[in-house]
Amino acid sequence: MEFLRTPAHRFLNLPDYPFAPHHVQVGSPALRMHYVDEGPRNGPVVLMMHGEPSWSYLYRHMIPVCVKAGQRVIAPDLIGFGKSDKPTRITDYTYARHVAWVRDLIVQLNLRDITLVCQDWGSLIGLRLAAENEERFARIALSNGMLPTGEQHFPAAFKMWRTFARVSPWFPISGILAVGTRRTLTTRERAAYDAPFPTAKHQAGARAFPALVPSSLADPASAANIAAWEVLKRWEKPFLLAFSNGDPITRGGDGYVSERVPGTKGQPHVTLRGGHFVQEDSPVEFATAVNELIARAAR
């Protein structure tokens with residue numbers, strides 16, 4: 001498998017991202033996965049999972065809020081994103097491989113009693129991991145995401161996005177982030193989102209994701225996701241919904257989940273202000289909801 005590693009100088013002087021780098025080798029052939037690891041090593045583990053086409057930079061304003069409350073925050077860069085290695089062929093990326101790569105990280109770090117915080121593709125991977133490794137996960141906070149099986153209806157906005165990712169010769173990473181964020185990203189913030197992707201070859205992972213969302217029962221990931229839903233339908237652990245009020249792609253997903261996951265019952269779900277990338281629009285509010293979710297379990 002041919003892969004690229006974004007030069008380190010691309011990540012110098014990123015605004016509001018002072019976090020020391022950490023790495024593990026995942027998969028076979030081995031690839032280097034980068035992750036943020038902040039807060040006390042004996043603190044409650046919060047696993048923050050980013051989606052498409054972002055990286056752990058997305059959580060830069062949430063990480064300090066959770067660390068201040070005593071949590072240990074792990075925020076990985078998915079393979080193909082951020083400071084992690086980037087296979088250069090779109091066909092190198094599969095749903096199953098993404099799940100396995102992050103599972104390798106969790107096992108190597110021996111993470112337990114995990115609070116999963118996930119959005120976008122972070123939820124497609126994270127919810128699968130939680131369902132398949134129940135003993136390691138204690139609670140979930142889901143925002144603007146879903147675990148599709150191929151049976152659900154996709155909004156027109158997603159279908160347009162999937163086509164764009166497949167055929168457009170131009171794939172502006174920071175522009176995509178800007179469209180999905182209500183507030184205006186600064187020039188330096190946009191540069192930080194572009195930093196991992198100096199060439200088109202570095203973008204293969206970002207290009208691959210939309211087509212990997214199961215859109216029919218014939219999809220290779222459909223059966224595994226259906227099995228994961230069987231676990232989630234009896235999930236009694238706390239499951240918080242923190243969707244935004246301005247995301248055309250995942251609108252209504254919170255209702256779908258709340259009808260099916262028993263752990264959502266009685267939780268103080270929140271509607272956050274923002275677009276698809278709610279971590280940019282309401283980071284403190286989202287992080288505070290996560291902290292309160294953990295604190296309720298400690299009472």
Side-chain angles (χ1 to χ4, degrees), residues 4-24 32-39 46-68 71-86 98 101-102 105 116-123 125-126 141 143-145 171-199 202-207 209 244 247 272 274-287 290:
L4 297 171
R5 187 169 293 168
T6 304
H9 70 80
R10 297 274 301 181
F11 301 104
L12 294 176
N13 301 316
L14 299 181
D16 302 315
Y17 191 85
F19 313 118
H22 301 267
H23 304 94
V24 292
R32 193 176 79 170
M33 176 178 279
H34 167 263
Y35 63 99
V36 172
D37 189 346
E38 295 287 316
V46 178
L47 178 64
M48 295 185 175
M49 296 284 296
H50 75 82
E52 150 86 342
S54 59
W55 57 291
S56 56
Y57 186 77
L58 181 69
Y59 285 103
R60 67 196 180 282
H61 295 308
M62 291 181 61
I63 292 169
V65 178
C66 288
V67 168
K68 187 176 181 180
Q71 330 298 2
R72 178 189 179 187
V73 178
I74 307 291
D77 291 338
L78 298 176
I79 294 297
F81 296 83
K83 298 182 180 183
S84 292
D85 286 345
K86 300 170 180 66
H98 273 295
W101 285 326
V102 181
L105 169 84
L116 171 66
V117 177
C118 56
Q119 177 260 347
D120 191 85
W121 257 97
S123 64
I125 297 168
S143 177
N144 294 351
F171 202 68
I173 299 294
S174 65
I176 294 166
L177 267 292
V179 168
T181 303
R182 278 192 173 178
R183 76 174 184 86
T184 301
L185 298 177
T186 68
T187 300
R188 293 184 66 207
E189 287 172 330
R190 291 183 63 139
Y193 280 118
D194 287 327
F197 309 104
T199 73
H202 289 78
Q203 296 181 343
R207 288 271 194 176
F209 258 157
S244 75
D247 182 15
L272 301 173
H276 183 63
F277 299 104
V278 71
Q279 300 94 326
E280 287 288 356
D281 290 319
S282 294
V284 174
E285 293 83 356
F286 191 6
V290 171

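Basis for what follows: all heavy atoms, side chains included, without hydrogens, waters or symmetry-related copies. Throughout, residue positions are numbered sequentially from 1 according to the sequence presented.
Considering CD of Gln71 and CG of Leu47, their distance stands at 13.0 Å, rounded to 0.5 Å. The CZ atom of Arg5 sits 11.0 Å away from atom NE2 of His202, with the distance rounded to the nearest 0.5 Å. Taken to the nearest 0.5 Å, the NE2 atom of His276 stands 6.5 Å off from the CG atom of Asn144. Distance check: Thr184 OG1 to Glu280 CD gives 11.5 Å after rounding to the nearest 0.5 Å. To the nearest 0.5 Å, the span separating CD1 on Ile176 from CG on Asp194 amounts to 9.5 Å. Rounded to the nearest 0.5 angstrom, His22 NE2 and Asp37 CG are separated by 5.0 Å.
Residues passing the ring pair (Phe, Tyr, Trp, His ring centres under 6.0 Å) test with His98 are Tyr93, Trp101, Phe209, sequence neighbours excluded.
Using a cut-off of 4.0 Å between Lys/Arg side-chain N and Asp/Glu carboxylate O, Arg207 and Glu52 are scored as not salt-bridged. Between Asp281 and Arg183 no salt bridge is recorded (no basic side-chain N to carboxylate O distance below 4.0 Å).
When every heavy atom of Pro198 is checked against every heavy atom of Pro7, the shortest pair comes out as CG-CD, 4.5 Å. A pairwise comparison of heavy atoms in Ser56 and Tyr17 identifies OG-OH, 2.8 Å as the closest pair. Across Phe171 and Ala206, no two heavy atoms sit closer than the pair CE2-CB, 3.7 Å. Shortest non-hydrogen contact noted between Pro196 and Thr6 is O-OG1, 2.7 Å. The minimum heavy-atom distance between Ile173 and Gln203, with the atom names listed, is CG1-NE2, 3.8 Å. Contact record, Ser244 with Gly275: OG-O, 2.9 Å, taken as the closest heavy-atom pair.
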**Request:** Please step through side chain to side chain contact (heavy atoms under 4.5 Å, CB included) for the pair Tyr193 and Phe277, ending with a clear verdict.
**Result:** CA-CA 13 Å; Tyr193 280 118; Phe277 299 104; over 6 Å; no
**Asked** Given Leu177 and Arg190, is the side chain to side chain contact (heavy atoms under 4.5 Å, CB included) satisfied, shown in steps?
**Response** CA-CA 8 Å; Leu177 267 292; Arg190 291 183 63 139; over 6 Å; no
**Request:** Show your reasoning for whether side chain to side chain contact (heavy atoms under 4.5 Å, CB included) applies to Phe197 and Arg10.
**Result:** CA-CA 9 Å; Phe197 309 104; Arg10 297 274 301 181; 5.8 Å; no
**Request:** Decide side chain to side chain contact (heavy atoms under 4.5 Å, CB included) for Cys66 and Met48; before the verdict, give the C-alpha distance in whole Å, the side-chain angles of both, and the deciding distance to 0.1 Å.
**Result:** CA-CA 11 Å; Cys66 288; Met48 295 185 175; 3.7 Å; yes
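The aromatic ring centres of Trp121 and Phe81 sit 6.0 Å or more apart.
A side-chain contact (heavy atoms from CB on, under 4.5 Å) with Met49 is found for one member of Asp120, Leu78, Val117 and no other, namely Leu78. When the options Arg32, His23, His34 are evaluated for a side chain to side chain donor-acceptor pair (under 3.5 Å) with Asp77, the one that passes is His34.
Sorted by first then second residue, the salt bridge (charged side-chain N to carboxylate O under 4.0 Å, His left out) pairs that include residues 13-22, not counting sequence neighbours, number zero.
Looking only at atom types and distance, the side chain of Arg60 has a donor-acceptor partner in the side chain of Tyr57 under 3.5 Å away.
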